[in-house]
Number of protein chains: 2
Amino acid sequence: MRKITIKDVATETGLSIATVSYAMSGKKVLPPETVQQVKDAIKKLGYVKNISASSLASNKSSLIGVVIPQTEPGSMMVFQNPFYSEILSSIEYNARIRGYHVIVSGTNADETYFHLAQQRNLDGIIVIGAYSEDFYEGLNESNIPVVLVDSYMDNHAYKEVKLDDIYGGYAATKYLLEHGHKKIAFLSGKLKTGGVSAKRYEGYRSALEEGGVPVNPSYLFHANVDFEKARKMARRIVTETDCTAIFCTADVIAMGAIKELNIMQIKIPQQISIIGFDNLDIANYCTPGLTTIGQDIFEKGKKAVEMLCYTMDEKVKEPEEYVVPIQIVERESVAYI
Amino acid sequence: MRKITIKDVATETGLSIATVSYAMSGKKVLPPETVQQVKDAIKKLGYVKNISASSLASNKSSLIGVVIPQTEPGSMMVFQNPFYSEILSSIEYNARIRGYHVIVSGTNADETYFHLAQQRNLDGIIVIGAYSEDFYEGLNESNIPVVLVDSYMDNHAYKEVKLDDIYGGYAATKYLLEHGHKKIAFLSGKLKTGGVSAKRYEGYRSALEEGGVPVNPSYLFHANVDFEKARKMARRIVTETDCTAIFCTADVIAMGAIKELNIMQIKIPQQISIIGFDNLDIANYCTPGLTTIGQDIFEKGKKAVEMLCYTMDEKVKEPEEYVVPIQIVERESVAYI
DNA sequence: CTGAAAGCGCTTACAG
DNA sequence: CTGAAAGCGCTTACAG
């Protein structure tokens, strides 16, 4: 069984391969009969276009690269984190319905990635997460359309899809304040300038300020976004402070806190309230259900693809920003005091 | 800045493009000086091979397709389920270090997928999960090397990576028996012949038999692998039966059971023991920690890639099976009775 | 409205 | 040991 090529379609229809190609791509207006003729022949022969060939000829690959952070360099990628799965899922779907395929890569976000990008002649790249300055520069030089997701860079001229983390931190804190809490612990990952934690902290601070509650430095706890670390921190919060509520800047952190408090027989939310950030599936699974800041991850992936497609089609590289709306997902981990 | 091609490398070295190509691929033995010369020129010029071109010429794409189930047809893929994330992560990593890129697709597992496979000229396909008979037939006709993961088909002549589900069900049940339980509820998804649930049930049955405990049909509960459904079932188990333990055939099901029992103030494991299956991250997060049947997901993905690469390289299509070992991950959800 | 033909950047029998 | 050349299957200016 030989492979069917465009030549076969041409022979079948009695047209030239040029005309068949135009009929398929629609890049030239042809009489409807001709187009229909080609369509029929394609169906009859079971012809499928060879993308390698078209990619070579047209210099377009219909391939989108997605960069995702990985735990250890040279090791596997981390999309164990449900957030990555969800957004990837959304990107894949939204790219596919627009005729693009997706190559996901947990490659070290360094030169090796540009190698892949060139090799495969990627039409566009979606970068999820934050990387080194060098990486963004290389990206820029590569001249491939790029959309950043959650990059936490303010100084760059990229298209970007992001969360309003300051507002998220503000909303979470305000929610606790509205429930009567004044002694609110802040439990987060490392506080890098410009990073997520820092922004959510800024929101925390401004909500407290607005509520007339001074920030108490002894209520601030920073570790990693890690379940076990969070457990230790939660224990310290409970033993070293008199906080009535904890704002955890990630659901995974909140999970650790809940686990530890459960073990210590401290009742949530009766004795202490907890609010998270992310609205992962697990927020619903745990007991009590975790009240948390939710974002529409599907929407986030969709927007990223849309913005990328727009850039690829229109060749406009102007920076643009889309801020994904957030909302509070109320469950049972926060009580009135 | 023009694109650097093999021609530039040829010019730079004073060799022909044929020799450069051979030097790069190693498909012909060349004097080491020549190879080094080529390497140097590549580095100097920053040459990157155009995969579209080489793919067209050699009829190899260095692309592996991974098929993953999706929730609703035409909708997004489900790799919200952490299992998919993890195995995908492993596949991507193991493929990459062997020079392959991965195209993940939640496409309806039907003809449209073969379209993709042909378009991209996939070198191999890894299929995760169970699909329709038609899909497997199409797969076979496509003549592309295939490795199945968790397909739950016994009648096919494919290479396959799977779990010993019967043994898993046996081990879980035996573990409960060894802890003194005799009234053990079986809570699973739908019991399709040849499906996961059915196999784990078989293990459950044989362990009971071995332990001299008759199977009590009123202890059998089937719903979907779904958190909310599982909650309802757990409530029924507790109210309608006198079981002292529940074997949940998936961690997600166990999560639902734990949540419901927590709400009902039924103490785990003091009043009822629970064992799960999968060892997802959440098994560690919940309270009490879930004792469950674990599998090495990284290993599973790695094996799938290895088997696929072997098939692609050696052109041997003999069926072959790799059974991923399982182990009991002990946490706090099972008590001696 | 349609087609002949160059060209995209590789690989690989084949010849020497 | 090295190279000239055909060919992979498309796209696309260009001519008519």
Side-chain angles (χ1 to χ4, degrees), chain A residues 1-39 41-42 45-63 99 101 115 117-123, chain B residues 1-39 41-42 45-63 99 101 115 117-123:
Chain A
M1 186 179 97
R2 234 185 68 272
K3 246 199 186 157
I4 310 293
T5 74
I6 195 172
K7 235 185 227 165
D8 300 304
V9 180
T11 313
E12 175 74 21
T13 54
L15 296 160
S16 73
I17 62 166
T19 304
V20 172
S21 178
Y22 285 129
M24 293 192 302
S25 68
K27 290 197 179 170
K28 251 189 187 172
V29 192
L30 300 182
E33 315 75 275
T34 308
V35 175
Q36 190 56 49
Q37 222 185 127
V38 170
K39 274 191 187 156
I42 286 174
L45 300 173
Y47 166 71
V48 175
K49 188 199 287 188
N50 178 327
I51 299 193
S52 293
S54 75
S55 173
L56 178 60
S58 69
N59 202 26
K60 289 189 67 242
S61 62
S62 299
L63 223 41
H101 296 146
H115 195 255
Q118 267 189 65
Q119 278 186 109
R120 292 281 176 197
N121 195 15
L122 300 182
D123 285 345
Chain B
M1 185 180 98
R2 234 183 70 267
K3 246 197 187 158
I4 309 294
T5 74
I6 196 174
K7 235 185 230 165
D8 300 305
V9 180
T11 312
E12 175 75 20
T13 53
L15 297 161
S16 72
I17 61 166
T19 304
V20 172
S21 178
Y22 286 129
M24 291 191 302
S25 68
K27 289 196 180 169
K28 253 190 187 172
V29 192
L30 300 183
E33 315 76 276
T34 307
V35 175
Q36 192 54 50
Q37 218 185 130
V38 170
K39 274 192 187 155
I42 286 175
L45 299 172
Y47 167 72
V48 175
K49 188 201 283 188
N50 179 328
I51 298 193
S52 294
S54 74
S55 174
L56 178 60
S58 68
N59 203 26
K60 289 188 68 240
S61 62
S62 300
L63 223 40
H101 296 144
H115 195 254
Q118 269 188 65
Q119 279 185 109
R120 292 281 177 197
N121 194 16
L122 299 183
D123 286 344

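Atom CG in B:Leu30 sits about 9 Å away from atom C1' in D:dT2, given to the nearest Å.
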- Encode nucleotides 9-16 of chain C as B, S and - characters from 5' to 3', where the letter depends on protein heavy atoms closer than 4.0 Å: B to the base, S only to sugar-phosphate, - to neither. BBBBBB--
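Checked against side-chain hydrogen bond (donor to acceptor under 3.5 Å, both in side chains), A:Ser54 has no partners two or more places apart in sequence or in another chain. Every residue meeting the side-chain contact (heavy atoms from CB on, under 4.5 Å) condition with B:Ser16, not counting sequence neighbours, appears here in chain and number order: B:Ala18, B:Thr19. Judged as a side-chain hydrogen bond (donor to acceptor under 3.5 Å, both in side chains), and not counting sequence neighbours, B:Gln37 has no contacts.
Closest approach of B:Ala41 and B:Glu12 over heavy atoms only: CB-CG, 3.6 Å. For B:Thr13 against B:Val38, the heavy-atom pair with the smallest separation is CG2-CA, 4.1 Å.
Helical stems involving DNA chain D, defined as 3 or more consecutive Watson-Crick or G-U pairs under 3.5 Å, span C:1-3 with D:14-16, C:5-12 with D:5-12, C:14-16 with D:1-3.
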Considering only distance and modelled atom types, tabulate donor-acceptor pairs under 3.5 Å from the side chains of residues 23-32 of chain B, sequence neighbours left out.
| residue | atom | partner | partner atom | Å |
| --- | --- | --- | --- | --- |
| B:Ser25 | OG | B:Ser21 | O | 3.2 |
| B:Ser25 | OG | B:Lys27 | N | 3.2 |

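Side-chain atoms of B:Ser61 come within 3.5 Å of backbone N or O of B:Asn121 as a donor-acceptor pair.
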- Run the numbers on A:Gln36 and A:Glu33 for side-chain contact (heavy atoms from CB on, under 4.5 Å), then give the verdict. CA-CA 5 Å; A:Gln36 190 56 49; A:Glu33 315 75 275; 5.7 Å; no
